[in-house]
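What follows is a set of notes on a single structure, which appears directly below.
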Amino acid sequence: SAVISQKPSRDICQRGTSLTIQCQVDSQVTMMFWYRQQPGQSLTLIATANQGSEATYESGFVIDKFPISRPNLTFSTLTVSNMSPEDSSIYLCSVAGQMNTEAFFGQGTRLTVV
Amino acid sequence: EDQVTQSPEALRLQEGESSSLNCSYTVSGLRGLFWYRQDPGKGPEFLFTLYSAGEEKEKERLKATLTKKESFLHITAPKPEDSATYLCAVRRDINDMRFGAGTRLTVKP
């Protein structure tokens, strides 16, 4: 299984500001995903991070709010832009080797917007 | 509409008291059912993958089974360290992995 390092592990941010979350994997992976887990709820897919091209966003998530970069096969960033308290969540990076295989997760970034 | 439903929402057991968690799903073209364990403040930890009805996987005190409509996670003689939220997820497509809401398990010594 891949070792996934996510930074920061937690942050408290002022509304209206932006936060960039980094995800580093110890090996090259085909698939990288970003999830959101709101308090007391399950995981919701934000987008698939595509290497060398624009991310693929799920319904309800837009690039202006959640810009994503993936410059290579081991690294990705998610930015939460113009934050409001409703953005307070755990954000998780996930990787998978192939389409039908299991996905592995980073330890998450706990974001609180005040 | 594709759905993944886990039950119960919460389960409290005494140490050594075996039980089962349920994950029912309505997904066409299933490409794998996955079980994860999530501890507070951490990301989900992968446990099992099941691909076809009748398949079973075991790891220590945990055993996962799969039918055409549901999966069970059986916990035999649980210990307090098994306390966590257990998540079920189904994959239908390359970027379509749907998670259930989870079962929060507490095992009392």
Side-chain angles (χ1 to χ4, degrees), chain A residues 1-11 21 23 25 29-50 53-59 61 68 70 89-112, chain B residues 1-10 21-25 27 29-52 55 57 59 62 64 66 71 73 84-105:
Chain A
S1 65
V3 176
I4 305 165
S5 300
Q6 210 175 311
K7 292 191 299 186
S9 59
R10 59 175 62 228
D11 208 341
I21 303 167
C23 178
V25 190
V29 291
T30 307
M31 315 291 186
M32 291 185 79
F33 308 94
W34 287 98
Y35 285 83
R36 182 174 73 183
Q37 187 174 29
Q38 293 180 303
Q41 297 189 25
S42 193
L43 283 71
T44 301
L45 180 64
I46 297 172
T48 302
N50 301 308
S53 64
E54 195 170 282
T56 304
Y57 290 84
E58 297 301 304
S59 176
F61 298 96
I68 289 171
R70 190 177 175 190
S89 285
I90 298 173
Y91 292 86
L92 293 154
C93 171
S94 174
V95 304
Q98 301 294 332
M99 182 175 73
N100 293 346
T101 60
E102 58 272 7
F104 297 97
F105 288 83
Q107 76 273 24
T109 296
R110 182 180 294 273
L111 171 62
T112 302
Chain B
E1 181 182 333
D2 295 343
Q3 285 191 334
V4 182
T5 304
Q6 290 189 249
S7 61
E9 290 186 14
L21 283 55
N22 177 263
C23 172
S24 64
Y25 61 92
V27 173
L30 182 71
R31 293 181 179 272
L33 184 140
F34 308 89
W35 281 99
Y36 290 86
R37 168 189 172 133
Q38 186 174 26
D39 292 298
K42 296 189 177 181
E45 174 190 347
F46 169 73
L47 293 174
F48 302 111
T49 305
L50 301 166
Y51 289 108
S52 56
E55 190 174 358
K57 294 276 181 71
K59 179 181 178 181
L62 300 176
L66 181 66
S71 177
L73 184 66
T85 295
Y86 290 85
L87 298 168
C88 166
V90 297
R91 185 186 293 284
R92 192 170 66 100
D93 202 344
I94 193 168
N95 61 348
D96 190 355
M97 191 166 182
R98 294 172 183 257
F99 281 82
T103 293
R104 189 171 63 256
L105 174 67

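Every chain is numbered from 1, with letters handed out A, B, ... down the list of sequences.
Atom CG of Leu43(A) is separated from atom CZ of Arg98(B) by 13.5 Å, given to the nearest 0.5 angstrom. Once rounded to the nearest 0.5 Å, the distance linking OG1 of Thr85(B) with CD of Gln37(A) reads 8.5 Å. The CD atom of Glu102(A) sits 11.0 Å away from the CG atom of Leu47(B) when rounded to the nearest 0.5 Å.
Only the side chain of Tyr36(B) comes within less than 4.5 Å of a heavy atom in chain A; its backbone stays farther off. Residue Ser94(A): no heavy atom, backbone or side chain, is found under 4.5 Å from chain B. Residue Ala103(A) touches chain B through both its backbone and its side chain, counting heavy-atom pairs closer than 4.5 Å.
Taking all atoms of both residues into account, the shortest heavy-atom contact from Arg110(A) to Gly41(B) is NH2-CA, 3.7 Å. Shortest non-hydrogen contact noted between Phe99(B) and Ser42(A) is CB-OG, 3.2 Å. Looking at every heavy atom in both residues, Leu92(A) comes nearest to Gly43(B) through CD2-CA, 3.8 Å.
The most heavy-atom pairs under 4.5 Å with chain A, out of Gln38(B), Gln6(B), Glu45(B), come from Gln38(B).
Counting non-hydrogen atoms of neighbouring residues, nucleotides and ligands closer than 6.0 angstrom, the NZ atom of Lys42(B) reaches no more than 12 such neighbours.
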